[in-house]
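Report on one structure; see the data block that follows.
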Amino acid sequence: MAEVMAWLAALAAAGAAWWALPGVAEGLARLDAVPAEPRAASARRWWAWAAVCGAAGLVVVTLAGGPGAAAVALAIGQLAGCGAALGVRRARRRARARGRTEVVRAGELVAGLLRVGRVPSAALVEAAADAPVLREAAAELRAGGEVAAALRRSAGEEGSGGLADLAAAWDVALRTGGSLTGAVDAAAARLAADDDVARVVDAELAAARLGGRVMALLPAVGVALGYGFGGDPLAFLTASPLGWACLDVGVALACAGVWWIDVVAERAGGR
C-alpha cells in the first residue's frame, strides 16, 4: 500500500513539474492561438511549483511513515492549499476595491481642478501628485504622448478599469474640441456611483462567503460529537484504508464546497 501511494505521489509530482516548465504554457498557448497573460502565467507556474513541492513531500512522508501518515499529510496539504488559494482571491478582491477607490478619487481630483479653471494638462499633472493611478498618464503627457492611451493602459491594473471612462472623456474632448470639464464630471460621477454599488454588493456577498466557511467546519463538529458519544473518530480516520479514504475525500469535498461558494459569490458580484 505504501509503495502504491508513493508511486501515485511521484506521478503527481511529475505531472505538476511538466505543467510548470516554461515551455509548456507557451506551447499550449500557441496551439490555442491565445496569448497567455504574463500575470496569469506566472501565477499558474507558481501554483504548479507549489504542487510539485507538495507532491514531493507526500512521497517522502509515504516512504517514511507509511500510507496512514501520507493520508493525514494529504488532508493537511489540501487544507493548506485551499486556504492559500482563498487568501489569494481575497487579496485580489481587496486590491480591486482599493483600485476602484483610487480611480474614483483621481476622477474627482481632475474634475475639481478643471472646475476651478485649470487647463486639462495642468489638471492632470497636478492630480497625479496625489493620485498614483494617474502618474503614468502624466508622464506620457510630459513626454508628448497620448494621454488617453496611457489611461487605457493603466486601466488594465486591478480595480482600475474606470480609468477607461476618463480616457474616453479625454479622447472625445480632444477630437471634438469640446470642454473636458463636463465629460470628466460625468465620468467621475459614474465611477463614484459604480463604486458605491460595488461596496454594497461586496457587503451582501460577504454573508454567503462566511456561510460557506461555517459549513466547512461542520465535519469537525461531527468529529467532536463522535467523541461525545464515546467513539474515537480520529482513530478510525487514521488507522485503516477506509478511514484514510473517508478523511481525504471528506477534506477534498469540504475544500471544493468552500471554493465553489467563493467562485459563485464572485461571479454573482460581476467581478
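Both backbone and side-chain heavy atoms feed into the values below; hydrogens, waters and symmetry mates do not. The residues of the chain are indexed from 1 along the displayed sequence. In this text the structure is predicted, and so the values were computed from the model without any measurement.
Residues Ala155 and Ala164 come closest through the heavy atom pair CB-N, 3.9 Å. In this structure, Glu108 and Ala188 approach most closely via the heavy-atom pair N-CB, 4.1 Å. Heavy-atom minimum distance, Gly107 versus Val184: O-CG1, 4.0 Å. Taking all atoms of both residues into account, the shortest heavy-atom contact from Asp248 to Ala75 is OD1-N, 3.4 Å. Scanning all heavy atoms of the two residues, the minimum distance from Leu114 to Ala123 falls at CD2-CB, 3.9 Å.
Here CG of Leu151 is found 10.5 Å from CG of Asp165. Values are rounded to the nearest 0.5 Å. Interatomic distance, CG of Leu225 versus CG of Leu218, reported as 10.0 Å (0.5 Å rounding). Here Ser240 contributes atom OG and Trp244 contributes atom CH2; the two are 7.0 Å apart, rounded to the nearest 0.5 Å. Between the CG atom of Leu79 and the CG atom of Leu74 there is a distance of 9.5 Å, given to the nearest 0.5 Å. If you take CZ on Arg142 and CG on Leu124, they are separated by 8.5 Å, rounding to the nearest 0.5 Å.
Linking Ile, Leu, Val, Met, Phe, Trp and Tyr residues whenever their side-chain heavy atoms come within less than 4.5 Å places Val110 and Leu141 in a single cluster. With hydrophobic clusters built from ILVMFWY side chains whose heavy atoms lie under 4.5 angstrom apart, Val264 does not share a cluster with Val258. Transitive grouping of hydrophobic side chains (ILVMFWY, heavy atoms separated by less than 4.5 Å) brings Val147 and Leu191 into a common cluster. Residues Leu237 and Ile76 are members of one and the same hydrophobic cluster, defined by side-chain heavy-atom contacts under 4.5 angstrom among Ile, Leu, Val, Met, Phe, Trp and Tyr. Connection of Leu234 to Leu242 is established within a shared hydrophobic cluster, with ILVMFWY side chains joined at heavy-atom distances below 4.5 Å, either directly or through further cluster members.
Within the 4.5 Å cutoff, the side chain of Val103 has no heavy atoms near those of the Arg100 side chain. A 4.5 Å side-chain heavy-atom check between Glu102 and Ser160 finds every atom pair outside the cut-off. Counting only heavy atoms from C-beta outward, the side chains of Glu157 and Val133 never approach each other to under 4.5 Å. Considering only heavy atoms from C-beta on, Leu217 stays 4.5 Å or farther from Arg213 through its side chain.
Contact check on Arg93 versus Asp202 returns no salt bridge, with no Lys/Arg side-chain nitrogen under 4.0 Å from an Asp/Glu carboxylate oxygen. In this structure, Asp185 pairs ionically with Arg115, as a charged nitrogen and a carboxylate oxygen lie closer than 4.0 Å. Ion pairing between a basic and an acidic side chain is recognised when a charged N comes within 4.0 Å of a carboxylate O; Glu140 and Arg135 show no such pairing. Salt bridge annotation for Arg199-Asp195: present, with a cationic side-chain nitrogen under 4.0 angstrom from a carboxylate oxygen.
Around CD of Glu136, the count of heavy atoms belonging to other residues, nucleotides or ligands within 6.0 Å exceeds 12.
In this structure a side-chain-to-backbone donor-acceptor pair under 3.5 Å is missing from Arg89 to Ala84.
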Evaluate the side-chain contact (heavy atoms from CB on, under 4.5 Å) criterion for residues Arg90 and Arg209: first the C-alpha distance (whole Å), next the side-chain angles of each, then the deciding distance (0.1 Å), finally the verdict. CA-CA 11 Å; Arg90 184 178 181 184; Arg209 293 190 176 97; over 6 Å; no
Using the side-chain contact (heavy atoms from CB on, under 4.5 Å) rule, take Val125 and Leu134 through it: C-alpha gap first, then chi angles, then the decisive distance, then the call. CA-CA 8 Å; Val125 172; Leu134 296 176; over 6 Å; no
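Trp170 does not carry Arg152 over the face of its six-membered ring by the limits of under 6.0 Å from the centre and within 45° of the normal.
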